[in-house]
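Remarks on the structure that follows.
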Amino acid sequence: MPLPVELVEGLDRACAGIPQRQLAVAVDRLISRYRDPRPATEPILGSPTEVAAYAAYRMPATFGAVYSALEQFLELATDFRPETLLDVGGGTGAALWAAADLFPSLTAATVLDQVDEALRLGRRLAERSASAAVRSAGWRRVTFAESPFPGGADLVVVSYVLSELSQADQSALIARSSESAEVVTVIEPGTPDGHQRILAAREVLIDAGLTVVAPCPHQDPCPLADGADWCHFSARINRTSLHRRLKGGELSHEDEKFSYVIASRTAYERAAGRILRHPVERKGLVTMQVCTPEDGVVPTLVAKRQGRTYRRSRKVEWGDAWPPSDLVAD
Ligand SMILES: C[S@@+](CC[C@H](N)C(=O)[O-])C[C@H]1O[C@@H](n2cnc3c(N)ncnc32)[C@H](O)[C@@H]1O
């Protein structure tokens, strides 16, 4: 999922006037702060330089994670055509850009955040978008615990926000975000603690009367809840030259690991099972770890003699449904 070219150019422009050294120092500070598991007692993003640094080094990755998660949902909810979007804790608007790319049906979007400077940069980036929904988005300053915010949108996204809040505030935010929402998407880093936050959010969404659609093939307790392993996925991100300059390294891509849950008022049919980790192919045998409704996470082997099933198994990837819907239908 390539980043929209207007966004790449906008990020270049946003960083152009800031000395490279200052940006690199801000990136290092943000990386170490986001690794700290403690909730934030004050906004993590402060100065214009920090906001520009965040946008340049994180927006491509959070855009990719949101895009990948929504893409998995869309495979199941094929008739979902949201018109309204609420990007909760949206910062500079990565989820807005990703949702607008996937859903041309969007006509109205609002981004909520506590940091004025992030909203300002987000608005500036959005002005040049090819999408009318991105260009016309509303950018509202909101501090969750203090200010009421407008509920109710066809699609609500809460991406990479929960770790900054206490557990009680995380639950309150998800409950609030799900009020009158049709579909709620929650995304966190693909780490053991990110997965635990997603599991807690999943409970709140179920209690709010929504149905879990993805990635889970059921809405029973998660078989990985004990923490021995964790459910996460991977989105490949092409690094822009600005990104390479800020983070160092020569590779033209990086893999963003994320955990997510998407729940809906409409009970869409779920995947029959979900592939966790890259399938491994060796000597005519494909081995996959599949989360199933009946047996938890089980190793699934597909041999060459299984013909069409084998050919399909060689094309699926980490995060896809297994078996895919065309095989289930047969
Ligand atoms: C890591 S950034 C993620 C931004 C964006 N959602 C993304 O995926 O790139 C977390 C955002 O949540 C916002 N945030 C955290 N706590 C908040 C609160 N209590 N009220 C409003 N916004 C908050 C921060 O200001 C920040 O912009």
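The first residue in the sequence is number 1, and the count goes up from there. Every number for a ligand or one of its atoms is a count from 1 in the order of the listing. The figures here come from the full heavy-atom set of this structure, side chains too, leaving out hydrogens, waters and symmetry mates.
- Every atom of ligand 1 is numbered from 1 in the order shown, and the set under 4.0 Å from a heavy atom of Leu165 is 16 (N), 19 (N).
- In this pair, His232 and Trp318 present their aromatic rings perpendicular. The plane angle is above 60°, beyond the 30 to 60° band.
- Shown in contact with Val115 at under 4.0 Å from a heavy atom are these atoms of ligand 1, numbered in order with element: 25 (O).
- Side-chain atoms of Gln306 and Arg311 include no donor-acceptor pair closer than 3.5 Å.
- Counting only heavy atoms of the protein, atom 21 (C) of ligand 1 lies nearest to Val142 O, 3.0 Å.
- Closest heavy-atom approach to atom 5 (C) of ligand 1 among the candidates Ala98, Gly90, Ala94: Gly90.
- For the residues Val161, Asp113, Val66, Asp116, the heavy atom positioned nearest atom 27 (O) of ligand 1 is part of Asp113.
- Judged by the shortest distance from any of its heavy atoms, Pro43 lies outside the 4.0 Å radius around the atoms of ligand 1.
- Side-chain N/O atoms of Glu182 and Thr266 include a donor and acceptor closer than 3.5 Å.
- Here the closest heavy-atom approach between residue Leu242 and residue Ala56 is recorded as CD2-CB, 3.7 Å.
- Judged by the 6.0 Å distance and 45° axis criteria, Arg128 is not positioned over the aromatic ring of Trp97.
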- Message: Quick one, Trp230 with Leu199, criterion side chain to side chain contact (heavy atoms under 4.5 Å, CB included). Give me CA distance, side-chain angles, the key distance, then yes/no.
- Response: CA-CA 10 Å; Trp230 70 102; Leu199 289 184; over 6 Å; no
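- Nearest residue to atom 7 (C) of ligand 1 from Phe63, Tyr54, Tyr160, Phe144 is Tyr54 (criterion: closest heavy atom).
- Residue contacts with ligand 1, taken as heavy atom pairs separated by less than 4.0 Å, do not involve Ala118 at all.
- Contacts of Gln114 with ligand 1, taken as heavy-atom pairs under 4.0 Å, involve both backbone and side chain.
- The protein heavy atom nearest to atom 11 (C) of ligand 1 is Gly89 O, 3.5 Å.
- Ligand 1 has a nitrogen or oxygen under 3.5 angstrom from a nitrogen or oxygen of Thr62.
- Ligand 1 places these atoms under 4.0 Å from at least one heavy atom of Gly91: 27 (O).
- For atom 8 (O) of ligand 1, the nearest protein heavy atom (residue, atom name, distance) is Ser159 OG, 2.5 Å.
- Here Leu301 contributes atom CG and Tyr310 contributes atom OH; the two are 11.5 Å apart, rounded to the nearest 0.5 Å.
- By the rule that hydrophobic residues join a cluster once side-chain heavy atoms approach within less than 4.5 Å of another member, Tyr67 and Val186 end up as members of separate clusters.
- Using a 4.0 Å heavy-atom cutoff, Glu164 is listed among the residues neighbouring ligand 1.
- Because its NZ or CZ atom is both nearer than 6.0 Å to the ring centre of Tyr160 and within 45° of the ring axis, Arg58 counts as a cation-pi partner of that residue.
- For ligand 1, none of its N or O atoms has an N or O atom of Thr143 under 3.5 Å away.
- For the pair Arg81 and Phe103, the cation-pi criterion (under 6.0 Å, within 45° of the ring axis) is not fulfilled.
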